[in-house]
> 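Encoded as structure tokens, here's the structure I'll be asking about.
Count residues from 1 along the sequence.
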Amino acid sequence: WAMGITQSTHGVDNVFSLSNLALLAGHLGRPGTGLNPLRGQNNVQGACDMGGLPNVYSGYQAVADKAVREKFAAAWGADELPTAAGLTVTEIMDAALQGKIHALYIMGENPLLTDPNLHHVRQALEKLDLLVVQDIFLNETAELAHVVLPGASFAEKGGTFTNTERRVQLLHQALEPLGQAQADWRILCQLGERLARSLGIAPKPATNPAVRTVTDWGYASPADVWAEVSALTPSMAGISHARLEKGGLQWPCPNAEHAGTPILHTAQVARGRGRFMPITYRGPAEQADDEYPLILSTGRILFHWHGGTMSRRSAGLETLAPAAEVEVNPIDAKRLGFADAELVEVASRRGKIRAQARLTERSPQGIVFATFHYAEAAVNLLTLDAVDPVAKIPEYKVSAVNIRPVRGKRGASRK
């Protein structure tokens, strides 16, 4: 499954339902079975594995677990670590607008194009006292930033990528960073050292030679960073850059002699004999009505990625997909009075955009589809910021809209 399942106010329930089916059918613990969340980008899994979530440290070690907190605090020479989980992306925007968050540090993301209800996002970002953006290009969010830190591209740095099947793979630097750009880990190290000095934090010794403390950010290479990861993360304790030179390894890999784990749950499932989750159907947060009779679903096309920060700078890809399109069923288009390639206005209760109509039976009657790659037709001006109550993921797949032709004008021609 992909985002059509999760980007919903009942996204977690949808995944629970898939898990229920897999358990019911015995589809786990064997080749060709199991649940497969298709990630949107090649290192989303790695970001989550490293603790890029508000409720866990690396390897999904829970922030709420006292023993886990004490382990990391002791290793890092910190007096204590927060006992509660942090905020999700959507919650951060709400908190900024409420004046509860005053500074935000954004790396490799463009929420001013990819988050829901962009008017809400802009208001939140503009209210911040400090906005720092670290990226390889100046995107829409970076244009609002007080400070922009130039990161390096994947080819200009070393490290690891982890794919959907939990395979950690080594990346070697191929090019020197351009201009003043630096690898993300180098920027973070410099920032950490300066913050420690400015806050007057007294040096504390590390309990493990592989681990850096809150005052010691002297990593020499990405291999040093990974050494700390493996020292503090049981599921990755057997993975090192030296081993990865010989090929990727799939966690769990608890020690240096372990060959990795290609298939999970072969002997037993992680939780007892498996847990069925009873689910009650809940409808979407917004329904079509007479004023907004169509349902908008958003997503991607083959030629562009996410907010287009990289892909829209490719001349070849821009030739293939140069303009924003909204896919409409021919019967709906005939009823609404516009033709293929005609410029139309798509409006919701939150905003409106103009895009080129593309008539296709891929869209069922009553359903329209648009991508969020194009800043000039930012479709997330239309989407609502209702979220799943557990995962807090926005409902990108259901927004009530109407469409009308913009007379006398046609969109950019398709190649």
Side-chain angles (χ1 to χ4, degrees), residues 2-9 11 40-41 44 87-97 104 106 108-128 131 133 135 137-145 284-286 288 292 294-301 303-312 321 323-328 344-358 363 367-388 391-403 411:
M3 294 180 297
I5 290 290
T6 56
Q7 288 181 344
S8 162
T9 50
Q41 195 174 16
V44 171
L87 301 179
T88 64
V89 170
T90 47
E91 290 174 320
I92 286 171
M93 294 303 171
D94 291 339
L97 198 54
L104 198 55
I106 299 175
E109 190 59 85
N110 187 13
L112 204 51
L113 192 59
T114 60
D115 276 18
N117 192 355
L118 293 182
H119 290 302
H120 174 80
V121 175
R122 178 174 286 277
Q123 290 172 347
L125 294 178
E126 289 179 342
K127 190 167 183 178
L128 293 168
L131 174 59
V133 171
D135 215 317
F137 292 114
L138 192 70
N139 57 35
E140 285 73 22
T141 305
E143 290 176 355
L144 285 183
E286 187 172 67
Y292 299 97
L294 301 170
I295 292 297
L296 168 69
S297 181
T298 71
R300 300 170 178 145
I301 54 174
F303 307 107
H304 288 302
W305 160 252
H306 215 55
T309 300
M310 292 185 289
S311 62
R312 293 208 65 201
E325 296 179 333
V326 55
E327 296 185 7
V328 185
V344 296
E345 182 179 271
V346 187
S348 75
R349 292 178 175 85
R350 291 153 295 280
K352 61 182 67 175
I353 64 168
R354 290 185 175 186
Q356 178 180 333
R358 181 181 183 185
S363 289
I367 306 291
V368 298
F369 171 83
T371 69
F372 55 96
H373 307 306
Y374 299 87
E376 62 271 28
V379 74
N380 279 317
L381 288 168
L382 311 179
T383 54
L384 67 164
D385 48 7
V387 298
D388 180 280
K392 311 299 182 183
I393 191 168
E395 186 149 71
Y396 287 117
K397 302 305 181 188
V398 179
S399 301
V401 299
N402 61 42
I403 301 181

> Report the distance from atom OG1 of T6 to atom CD1 of I393, rounding to the nearest 0.5 Å.
4.0 Å

> Does K352 reach the side chain of L381, with side-chain heavy atoms less than 4.5 Å apart?
no

> For residues N139 and L113, determine if any side-chain heavy atom of one lies less than 4.5 Å from a side-chain heavy atom of the other.
no

> Between L384 and R349, is any pair of side-chain heavy atoms under 4.5 Å apart?
no

> Search all heavy atoms of I106 against all heavy atoms of P111 and return the closest pair with its distance.
CD1-CG, 3.8 Å

> With a 3.5 Å distance limit and no angle check, can you tell me whether H373 reaches the backbone of I301 through a side-chain donor-acceptor pair?
yes

> Is the backbone N or O of A285 less than 3.5 Å from a side-chain atom of E395, with the two atoms forming a donor-acceptor pair by type?
yes

> Fit a plane to each ring of F372 and H306, take the angle between them on a 0 to 90° scale, and name the class: parallel (under 30°), tilted (30 to 60°) or perpendicular (over 60°).
perpendicular

> Please find the pair of heavy atoms, one from P284 and one from V398, that lie closest to each other, and give the distance.
CB-CG1, 3.6 Å

> Evaluate the side chain to side chain contact (heavy atoms under 4.5 Å, CB included) criterion for residues R350 and S399: first the C-alpha distance (whole Å), next the side-chain angles of each, then the deciding distance (0.1 Å), finally the verdict.
CA-CA 10 Å; R350 291 153 295 280; S399 301; 4.1 Å; yes

> Going by side-chain contact (heavy atoms from CB on, under 4.5 Å), name the residues that satisfy it together with S311, two or more places apart in sequence or in a different chain.
H304, W305, L317

> Any donor and acceptor pair, going by atom type alone, linking the side chain of Y292 with main-chain N or O of A347 inside 3.5 Å?
no

> Checking V387 against E91 for the side chain to side chain contact (heavy atoms under 4.5 Å, CB included) test, could you report, in this order, the C-alpha distance in whole Å, the side-chain angles of both residues, the deciding distance, and whether it holds?
CA-CA 10 Å; V387 298; E91 290 174 320; over 6 Å; no

> Can you tell me how far OG1 of T298 sits from CZ of F369, rounded to the nearest 0.5 angstrom?
7.0 Å

> State whether the side chain of R354 and the backbone N or O of V344 hold a donor-acceptor pair below 3.5 Å, judged by distance alone.
no

> Pick from L118, L112, N117: which one makes a side-chain contact (heavy atoms from CB on, under 4.5 Å) with N380?
L118

> What are the two closest non-hydrogen atoms of P394 and T90, and how far apart are they?
CG-CG2, 3.6 Å

> Roughly how far, to the nearest 0.5 Å, is the OG1 atom of T309 from the CD atom of E140?
6.5 Å

> For V133 and A145, work out which heavy atoms get closest and say how close.
CG2-CB, 3.8 Å

> Working to the nearest 0.5 angstrom, can you tell me the gap between T9 OG1 and E286 CD?
11.0 Å

> Heavy-atom count around M3 CE within 6.0 Å, excluding the residue itself: above 12?
yes

> Distance check, rounded to the nearest 0.5 Å: E325 atom CD versus Y374 atom OH?
7.0 Å

> Taking the side chain as C-beta and beyond, is there a heavy-atom pair between S8 and K397 under 4.5 Å?
no

> How close do A370 and V379 get, heavy atom to heavy atom, and via which atoms?
CB-CG2, 3.8 Å

> Apply the test side chain to side chain contact (heavy atoms under 4.5 Å, CB included) to residues E109 and T141: give CA-CA distance (whole Å), side-chain angles for both, the deciding distance (0.1 Å), then the verdict.
CA-CA 8 Å; E109 190 59 85; T141 305; over 6 Å; no

> Would you say that L125 contacts M93 through its side chain, given a criterion of any heavy-atom pair below 4.5 Å between the two side chains?
yes

> Where do T88 and K392 come nearest, in terms of heavy atoms and distance?
OG1-CB, 3.3 Å

> Quick check against the 3.5 Å criterion: does T114 have a side-chain atom that pairs as donor or acceptor with the backbone of G307?
no

> Say you draw a straight line from CG of L87 to CG of D94; how long is it, rounded to the nearest 0.5 Å?
9.0 Å

> Only one of V328, N402, I295 passes side-chain contact (heavy atoms from CB on, under 4.5 Å) with V368; say which it is.
V328

